[in-house]
Every structure is written in structure tokens, then in C-alpha cells.
Number of protein chains: 2
Amino acid sequence: MIRILIVEDEHAISDLLRLNLTRSGYCCTQVFDGMEAADLLEEQNFDLIILDLMLPGLNGFELMEYIRFLKIPVIILTAKSSLDDRMKGLTSGAEDYMIKPFEVVELLARVQIVLRRYHKEKCVLKFGDLSVDVENQKALKQGKEVDLTPKEFELLVLLMRNQNITLFREKIYEEIWGVEYPAESRTLDLHIQRLRKKLDLGDRLKTIFKVGYRLEEAS
Amino acid sequence: MIRILIVEDEHAISDLLRLNLTRSGYCCTQVFDGMEAADLLEEQNFDLIILDLMLPGLNGFELMEYIRFLKIPVIILTAKSSLDDRMKGLTSGAEDYMIKPFEVVELLARVQIVLRRYHKEKCVLKFGDLSVDVENQKALKQGKEVDLTPKEFELLVLLMRNQNITLFREKIYEEIWGVEYPAESRTLDLHIQRLRKKLDLGDRLKTIFKVGYRLEEAS
DNA sequence: CAAGGATGTATCAAAATTGTATCAAAATGC
DNA sequence: GCATTTTGATACAATTTTGATACATCCTTG
């Protein structure tokens with residue numbers, strides 16, 4: 001799920017944004033001044049920020065500095081008049097900007113390209129303290145990279161894509177090894193063990209006796 | 001010198017563009033219909049194209065298809081009315097668009113970000129104690145120049161432009177050697193080794209077993 | 001609860017992949 | 001044309017991955 005933070009003091013505009021972005025499948029959080037934004041950014045992670053430069057409380061540009069440090073892409077909203085602001089906004093690290101009043105379709109389009117540019121739409125799978133960047137063949141546990149072999153990685157991705165779903169041994173074997181499951185082989189069990197060990201999965205990677213395996217949060 | 005192709009049938013607008021872009025130090029070429037544009041693209045190379053979608057002769061979208069094939073970034077110009085066109089333009093591969101009538105300052109800003117995104121502007125890449133001046137084919141380690149051969153340099157630039165991103169062997173090979181990766185070739189490995197040695201990259205240039213390589217700060 | 005099948009675990013060797021050294025061909029400069 | 005540099009090939013070493021085996025342990029069923 002892609003998370004967008006809307007930093008805008010005019011409630012009408014903020015709600016308009018939220019409505020449309022939510023409808024497009026994004027997960028939105030609204031804040032109405034710069035301090036709130038800074039606080040929230042401390043504790044939560046966002047994929048994109050939509051920022052009105054004319055904010056009460058904190059100066060928009062100071063906030064930009066902080067956001068740049070976090071490396072989160074920003075689309076700036078700015079009043080029609082001030083071209084100077086626009087230039088400043090761009091050079092201070094914004095990914096894009098829109099001039100108020102703006103067309104909603106245009107906003108959605110810009111959100112889309114900014115996200116594409118940041119490869120955020122490419123999927124990062126999450127499960128508890130694990131996150132798996134499929135594109136980059138990276139598995140992170142609590143933010144730290146864990147070295148996985150290609151087979152282990154494939155298996156993990158398969159499991160993560162099917163959280164809370166029981167995967168049959170035969171199904172897994174065919175997906176990963178591409179051939180039918182040789183009944184006596186212990187290969188699959190082995191790789192499951194290796195994943196459990198490397199990622200400390202314990203019984204969050206459940207064994208379904210005689211059937212297969214399932215990844216689910218410990219209850 | 002950065003070369004921009006302006007494809008616009010209204011002479012007044014075309015000239016306005018040329019005037020401002022030239023003043024900003026870009027090298028501009030003007031054409032006034034799609035056929036001319038296609039012909040010129042056959043024989044010359046450009047860094048950016050500014051394209052009016054409403055063209056006589058060739059359909060703008062057909063031209064887009066061709067441009068996408070050339071991998072040249074495009075900023076689309078479109079009449080205020082047609083929002084549909086804008087959407088189509090974006091999805092057919094444009095990097096950005098502007099609605100006529102537009103502010104010249106805004107255009108310059110967009111040209112700037114699109115070029116930056118495409119790494120066409122003069123840039124010095126940095127990674128730890130390395131900095132690479134792409135224009136001048138110079139690689140510096142702790143400020144001191146390191147002699148790299150052309151192939152080594154190309155490879156380094158590719159890696160530096162994709163820090164923290166896993167580059168697949170096939171992808172690297174195609175980028176640098178321009179042909180499909182011959183499965184048994186050890187050439188790529190060799191050049192990686194040479195870079196590691198010359199630049200003392202150790203395992204900051206990570207091997208992703210069976211997948212490729214990735215440049216990232218040691219954790 | 002005991003038997004028997006299924007899974008967990010440790011160890012090891014084969015296979016695959018990558019690292020390294022050396023050398024010759026190709027390109028470049030003088 | 002010759003010397004030098006760059007590039008890629010080859011052979012072999014080192015490393016990593018993978019699957020097999022053996023045995024321990026666990027689960028299910030009667």
C-alpha cells in the first residue's frame with residue numbers, strides 16, 4: 001500500500017486531495033501545519049508528500065530541508081501568483097509542483113509519474129519486521145540486509161506473496177524448481193529450514209503437516 | 001552542449017521557445033511538422049524534445065512511439081482544453097507536459113528537471129570517497145585522479161548512477177557492450193575485478209550471486 | 001502410548017558461480 | 001611500423017550454493 005502525506009492548511013483542498021487519492025487506491029494521512037508534519041515524519045514512513053508551501057507554523061522551505069534528508073519525494077502546491085516560490089521549491093529538492101487551483105486529473109497524473117520515478121510502485125513485500133525488495137533482490141530484517149541465495153530468495157518471495165495461505169509442497173516445488181515434486185526429496189524442507197534460520201522466522205513459518213507450509217503472524 | 005528539438009507548428013510559439021532556451025544556454029533546433037521531426041531524428045541526436053501534440057502531417061502519438069524507441073525524454077505541449085490528451089501523453093511515455101498558454105519560467109524549470117532526471121546535465125557522481133566527472137571522463141578517489149580505461153569508466157558510471165540498486169548481469173552487459181549477454185563470457189566479471197582493484201572498492205561493490213552486482217556503502 | 005511416517009537438523013560433497021592470474025588479440029598512439 | 005594500452009579469452013583456484021544422506025525428533029493415528 002502506497003502512503004501519501006498531505007500537508008495543507010486549507011481543509012477544503014486537503015479533503016479534496018484525500019478524497020481523490022483515496023479513491024485511486026492510495027493511503028492518505030492529512031496534517032494541517034508544518035509542525036504536525038515534522039512530528040509525523042519522525043515516527044512514520046511515507047512514499048510521497050504533497051506539500052503546500054504557504055503553511056502556518058513551520059516554514060515550508062525548512063520542512064523541505066528535513067524531507068530532503070529523508071529522501072521522500074515531494075509534490076509542492078503553490079499559489080498561482082508566486083513564480084519565485086516555484087523556482088525555489090524545485091531547486092530545494094521537490095520532485096514536482098502544481099499551481100493552485102489545479103485540476104484533479106492532473107494531480108493524479110503527477111502523483112503517478114513521481115511514484116514511478118521513485119520506483120515506489122515496484123513492489124516491496126512486507127511481513128512483520130521483514131521487507132523484501134523484489135526488484136533489487138534484497139531482503140531486509142529490521143532494516144538490515146540479510147544475505148539470501150537465489151533459491152532462498154525465490155522461496156521467500158513466494159511465501160510472502162501468499163501470506164496466511166497454505167502452500168502445498170507440490171505447488172511450491174513446481175513454482176521454484178519448475179519440475180514435478182519428487183516424493184522422496186528433502187530439498188524443500190531444507191530450504192525452509194534455511195529461511196527460518198536466516199530470518200529468525202521460528203514458527204511464523206508454519207509447517208502444515210503432510211500438506212505444506214504457511215507464513216503467518218504468530219498468534 | 002545540450003541539444004533540444006522543438007516540434008511546434010505555430011511559429012510564434014516555436015520562436016518564443018527557441019529564444020528562451022537559447023538564452024539559457026541550450027542548443028535548439030526547430031521543426032514545424034511531424035515528418036520533419038522524424039527525419040531529423042533519424043540522422044541527429046537530441047537530449048530533449050519539446051513536442052506539440054496537435055501537429056499537421058504526422059500524428060503526435062505516432063511520433064511519440066518512435067521517440068520512445070529512441071529513449072529521448074519528451075515534454076509535451078497541449079491545448080488547455082483537452083485533458084484526455086494530457087493523460088494519453090503521459091502514459092505514452094512523455095516525461096512531462098505543459099498546458100498552453102504556459103509561463104516561460106515554468107518551461108525552463110521543467111526542462112531543467114527533465115534533463116536532471118536523465119542525467120544529461122553536467123554532473124559529478126559521488127559515492128563515498130569517489131567522485132566521477134562524467135563529462136570529462138575523470139574519476140577521482142580522495143581527490144586524486146585514477147586512471148581508468150574507457151570500458152572501466154563506462155561501467156563505473158553505470159554503477160554510480162544506480163547506487164543501492166541491483167544491476168543484473170544481463171542488463172549491465174547490454175548497457176555497456178550493446179549486445180546480449182553471452183552466458184559463458186567472463187568479461188563482465190573481469191571488468192568488475194579491475195574496478196574493485198583500481199578503486200579499492202572491496203565489497204562496497206557487492207556481488208549478488210547469480211544475479212549481478214550492486215554498489216553500496218558497506219553496512 | 002506406541003508405531004510409522006513426516007519433518008527438523010547437522011554434515012558433507014557435487015555442482016555451479018565467481019575471483020584471479022596470465023596471455024594473446026585488437027586498438028591506439030607515436 | 002613499433003610500442004603501449006586496452007580488451008577479452010582461457011585456465012585454474014576459491015567460494016558459494018545446492019541437494020543428498022543420515023539420523024534425531026515430532027506428529028498423527030490406531
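Keep in mind that what you see is a predicted model, and the values were worked out from it rather than measured. Atoms considered below: every heavy atom in the structure, side chains included; atoms not considered: hydrogens, waters and symmetry mates.
Rounding to the nearest 0.5 Å gives a distance of 9.5 Å between CG of B:Asn162 and CG of B:Leu215. To the nearest 0.5 Å, atoms CZ (A:Phe46) and SG (A:Cys28) are separated by 10.0 Å.
Atom CD1 in B:Ile208 sits about 15 Å away from atom C1' in D:dT15, given to the nearest Å. At whole-Å resolution of the value, CG in A:Leu195 and P in D:dT18 are 11 Å apart. If you take NZ of A:Lys206 and C1' of D:dC27, they are 14 Å apart, rounded to a whole angstrom. We find that CG of B:Leu188 is positioned 11 Å from P of D:dG8, with the value rounded to whole Å. Across the protein-nucleic acid pair, A:Asp203 atom CG and C:dG8 atom P stand 12 Å apart, rounded to whole Å. A:Arg196 places its CZ atom 12 Å from the C1' atom of D:dC26, with the value rounded to the nearest Å. Per the geometry, CD belonging to B:Glu184 stands 14 Å off C1' belonging to C:dT17, to the nearest Å. Rounded to whole Å, atom C1' of D:dT6 lies 9 Å from atom NZ of B:Lys198.
Residue A:Lys151 places none of its side-chain N or O atoms closer than 4.0 Å to OP1 or OP2 of C:dT17. In this structure, A:Trp177 reaches the D:dG19 phosphate: one of its side-chain N or O atoms is under 4.0 Å from OP1 or OP2. For the pair A:His191 and D:dT18, the criterion of a side-chain N or O lying under 4.0 Å from OP1 or OP2 is not met. Between A:Lys197 and C:dA10, a side-chain N or O to OP1/OP2 separation shorter than 4.0 Å is present. Between A:Thr149 and D:dT18 there is a side-chain polar atom (N or O) within less than 4.0 angstrom of OP1 or OP2.
With the end axes of the helix from C:dC1-D:dG30 to C:dC30-D:dG1 each set by five pairs, the angle from one to the other reads 40° at 10° resolution.
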Please write out the pairs of protein N or O atoms and N or O atoms of nucleotides 9-13 of chain D separated by less than 3.5 Å, giving the distance to one decimal.
from  : atom 1 : to       : atom 2 : distance (Å)
D:dA9 : OP2    : B:Thr187 : OG1    : 2.9

Pairwise N/O distances under 3.5 Å, protein to nucleotides 2-6 of chain C:
from  : atom 1 : to       : atom 2 : distance (Å)
C:dA6 : OP1    : A:Lys210 : NZ     : 3.4

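Looking at A:Lys197 and A:Arg194, their side chains never come closer than 4.5 Å, going by heavy atoms from C-beta outward. For the pair B:Val74/B:Val114, no side-chain contact is recorded, criterion being any heavy-atom separation below 4.5 Å from C-beta on. In this structure, the side chains of A:Asn136 and B:Asn164 stay at 4.5 Å or more apart for every pair of heavy atoms.
Across all strands shown, B:Tyr213 has heavy atoms under 4.0 Å from sugar-phosphate atoms exclusively, and none from any base.
Side chain of B:Gln163 to main chain of B:Lys126: a donor-acceptor pair is present (N/O by atom type, distance under 3.5 Å, no hydrogens or angles). Of the possible donor and acceptor atoms, none in the side chain of A:Glu175 sits under 3.5 Å from a partner among the backbone N and O of A:Lys171.
When only modelled atom types and interatomic distance are considered, B:Ser185 and B:Arg169 share no side-chain donor-acceptor pair under 3.5 Å. Side-chain N/O atoms of A:Gln44 and A:Arg3 include a donor and acceptor closer than 3.5 Å. Checking B:Gln30 against B:Asp15 by side-chain atom types alone, a donor-acceptor pair falls below 3.5 Å.
Using a 4.0 Å cut-off between charged side-chain N and carboxylate O, A:Glu145 and B:Lys206 make a salt bridge.
In B:Lys210, the NZ atom is not crowded: 12 or fewer heavy atoms of neighbouring residues, nucleotides or ligands sit closer than 6.0 Å.
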